[in-house]
**Q** 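Input: one structure, supplied below.
Index from 1, following the sequence. What you see is a predicted model; the values in this text were computed from it and never measured. Worth knowing before you read on, the calculation uses all heavy atoms, side chains too, and leaves out hydrogens, waters and symmetry mates.
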Amino acid sequence: IFHQTKQWYQRRVRGPWDFKKFLAKECRYNNMDFPAMCVQYCNVRRKFCNFYGVKRVNIEGMLKNLGQEFDGTPHSGISDSRNIANIVCTMVRDGAVLDNNEVVDVNSIYTA
């Protein structure tokens, strides 16, 4: 999920697994470098757990903590993205600051 702020983009993802499993593999498949704009990103799950003081949870758990239900098909890219966007919007309304909190080790992602 990309969010434009002050003419730069900030990435919002569930966690580093998303990068290793999807973005890095897609880049490798297409013989492309990992995008520099994605090296720093906001791990929404970590921010969520720290902000609301809960243990590690999945998307459904985050939504449940917010009194919401999962909308769509679980593990569908578009459904997951929409639900993460709802989580992000709720967190921002609740006062969370969703700045970059993780960095991708580009040297290690292509070995996974």
**Q** Restricting to ring pair (Phe, Tyr, Trp, His ring centres under 6.0 Å), what partner residues turn up for Tyr52, sequence neighbours left out?
**A**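 Here the qualifying residues are Phe48.
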**Q** Nearest 0.5 Å, what's the NZ-CE distance between Lys47 and Met91?
**A**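 So the gap between those two atoms works out to 8.0 Å.
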**Q** If you round to the nearest 0.5 Å, how far is CG of Asp71 from CG of Asn86?
**A**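 That separation rounds to 7.5 Å.
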**Q** Just how far is it from atom CG of Leu98 to atom CZ of Phe51, taken to the nearest 0.5 Å?
**A** 8.5 Å
**Q** With sequence neighbours left out, what residues match Asn31 under side-chain hydrogen bond (donor to acceptor under 3.5 Å, both in side chains)?
**A**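 side-chain hydrogen bond (donor to acceptor under 3.5 Å, both in side chains) check on Asn31 returns nothing, list empty.
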**Q** Would you compute the distance between atom CG of Asp33 and atom SG of Cys27 and round it to the nearest 0.5 angstrom?
**A**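 Asp33 CG to Cys27 SG: 8.0 Å, rounded to 0.5 Å.
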**Q** Rounded to the nearest 0.5 Å, what's the gap from CG on Asp94 to CG on Leu66? Could you check?
**A**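 If we round to the nearest 0.5 Å, Asp94:CG and Leu66:CG are 7.0 Å apart.
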**Q** List the residues meeting side-chain contact (heavy atoms from CB on, under 4.5 Å) with Val103, not counting sequence neighbours, and say none if there are none.
**A**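 Val39, Gln40.
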**Q** Measure the CD-CE distance between Glu26 and Met32 for me, rounded to the nearest 0.5 Å.
**A** 8.5 Å
**Q** Pairs under 3.5 angstrom only: tabulate donor-acceptor contacts from the side chains of residues 54-61 to other protein residues two or more places apart or in another chain.
**A**
residue: Asn58; atom: OD1; partner: Glu60; partner atom: N; Å: 3.2
residue: Asn58; atom: OD1; partner: Gly61; partner atom: N; Å: 2.7

**Q** Just to verify, what does Ser79 make a side-chain contact (heavy atoms from CB on, under 4.5 Å) with, not counting sequence neighbours?
**A** Phe70, Thr73, Ser76, Asn83
**Q** On a heavy-atom basis, which atom in Glu102 and which in Arg46 lie closest, and how many Å separate them?
**A** OE2-NH1, 2.8 Å
